[in-house]
Number of protein chains: 2
Amino acid sequence: MGRRSDHTRPQLSELILREGQAHLAQVGFAAFSAREVAKRVGYSIGTLYNVFGSYDGLMLAINGRTLTDWHDALAAALQAAPLDDPQARLHAAIRAYFDFATANRHVWTALYDFRLPPDAPMPADYAAKLAGLTGLVVAEVAAALPPARRDAAPALARSLLACVHGHCFFALNGTFALLGEDDPLGAALARVAEAIAAAQGPAA
Amino acid sequence: MGRRSDHTRPQLSELILREGQAHLAQVGFAAFSAREVAKRVGYSIGTLYNVFGSYDGLMLAINGRTLTDWHDALAAALQAAPLDDPQARLHAAIRAYFDFATANRHVWTALYDFRLPPDAPMPADYAAKLAGLTGLVVAEVAAALPPARRDAAPALARSLLACVHGHCFFALNGTFALLGEDDPLGAALARVAEAIAAAQGPAA
DNA sequence: GTATCAATTGAACGATGTCTAATAAATCAA
DNA sequence: TTGATTTATTAGACATCGTTCAATTGATAC
């Protein structure tokens with residue numbers, strides 16, 4: 001065949017990305033296959049390689065799209081949160097974090113299941129998306145700190161991100177269920193509240 | 001061939017487990033292959049299936065062994081910690097947590113990269129090992145709490161475990177490096193210290 | 001209308017997990 | 001000791017995977 005006019009290159013890329021993410025959402029990372037994505041979009045496997053270069057390239061692009069979706073979900077939740085209550089905004093962000101991961105378990109999990117080969121450098125645009133996502137949290141953490149301690153926000157935000165990630169990860173992979181924990185989100189919120197409270201008062 | 005007397009069944013199981021874990025440590029979960037393990041032990045792939053039933057069975061057994069190794073490392077670190085300083089013991093445990101993960105990145109990462117099919121139940125002995133590992137931490141958290149709050153230890157321990165896991169995970173997968181964090185262990189210790197401190201005083 | 005070019009294809013390759021019939025070795029019977 | 005039975009082990013077949021590439025097809029330019 002060779003349908004050069006069915007889709008432009010950007011259209012084709014978008015189509016593959018959409019179907020790829022949908023396939024990932026359905027079967028999960030372990031069962032994900034580039035060939036299956038090719039079937040879904042009705043192009044041959046070779047065309048997938050023309051557009052994304054490799055399996056890793058495709059997975060990276062799908063994960064990049066997931067990062068964008070996640071960022072948008074967080075931003076939307078923050079837009080709906082009260083401007084004058086930093087604590088409430090932070091909690092809203094964490095709730096949105098959990099909500100996105102829960103509602104999109106497979107694509108969210110794939111963000112961490114997939115790793116490119118040890119030598120391969122992370123594409124700049126992917127790193128930028130990750131930084132952007134982090135930036136949202138840094139801003140909210142900074143707003144929750146007294147002005148004199150705002151410079152500690154980036155480090156604290158990174159740490160709280162890791163803490164929340166751990167809770168979310170254990171919630172989704174069944175560790176918490178196994179250990180009898182039935183309110184992972186509540187636990188994460190409690191830890192974050194303690195850390196923010198600790199950063200209000202003491203050290204110079 | 002058919003070397004029925006080269007190894008007894010337990011010996012063969014131990015041999016496969018040892019070489020399997022070594023292979024996993026060398027190539028990582030993504031490149032791990034049961035066939036390669038068969039080559040390493042000098043038996044055919046079929047024999048591997050006789051002993052462990054499936055790829056999943058083999059991975060589960062290897063991860064079980066890793067859990068045991070990890071538990072032993074934590075227990076050893078706790079044995080070397082001062083008996084009368086709960087805070088120091090907790091910090092020693094967290095340090096041991098990081099040390100094990102760092103020194104055994106591939107096998108530690110495989111604990112979370114591998115997941116059995118959604119319907120398959122977790123084997124009881126695997127769940128027991130996980131619970132045992134958690135139990136170590138629960139005991140130390142309990143010791144760090146005032147007697148009146150000891151009943152909160154299990155829930156707090158689960159949460160702190162998740163928090164530490166998140167920091168360790170981000171440290172090993174490069175997220176922290178990307179975000180400019182150069183002391184993941186320090187951050188984890190700080191969060192745990194804050195949580196323990198918060199549990200000393202306030203609520204009834 | 002023909003030649004050039006680029007996109008698309010599908011067959012081929014090696015490797016993987018999984019299964020099964022054939023084979024070898026060990027055990028037991030006579 | 002010999003023969004029959006059981007059991008461990010093997011090698012091959014199968015479907016699928018990521019990857020590559022020569023051939024083909026459609027569009028474009030002359």
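In what follows, chains are A, B, ... by sequence order, proteins preceding strands, each numbered from 1.
- A/H7 has its NE2 atom 14 Å from the P atom of D/dA27, to the nearest Å.
- Contact of the A/W108 side chain with the A/T102 side chain is not registered, since no non-hydrogen atoms from C-beta on lie closer than 4.5 Å.
- In this structure, CZ of B/F32 is placed 18 Å from C1' of D/dC17, rounded to the nearest angstrom.
- Under 3.5 Å, the side chains of B/N173 and B/T175 contain a donor-acceptor pair of N or O atoms.
- For the pair A/R35 CZ and D/dT20 C1', the interatomic distance rounds to 11 Å; values are reported in whole Å.
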Let me have the donor-acceptor pairs involving side chains of residues 114-130 of chain B, under 3.5 Å, with sequence neighbours excluded, atom names and distances please.
residue	atom	partner	partner atom	Å
B/R115	NH1	B/Y112	O	2.8
B/R115	NH2	A/D113	OD1	2.9
B/R115	NH2	A/D113	OD2	2.3
B/K129	NZ	B/G64	O	3.2
B/K129	NZ	B/T68	OG1	3.3

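- Regarding B/F29, its CZ atom lies at a distance of 10 Å from the P atom of C/dG17, rounded to whole Å.
- Between B/H23 and B/F32, the ring centre distance stays below 6.0 Å.
- Residues A/R65 and A/E14 are paired through a salt bridge, judged by an N-O separation under 4.0 Å between the basic side chain and the carboxylate.
- Within residues 45-64 of chain A, the residues that place at least one heavy atom under 4.0 Å from DNA chain D are, in residue-number order, A/I45, A/Y49, A/S54, A/Y55.
- Between B/F170 and A/H165, the distance from one ring center to the other falls under 6.0 angstrom.
- Within the 4.0 Å cut-off from OP1 or OP2 of C/dT16, at least one side-chain nitrogen or oxygen of B/S33 is found.
- C/dA25 atom C1' lies 12 Å from atom OH of B/Y43, rounded to whole Å.
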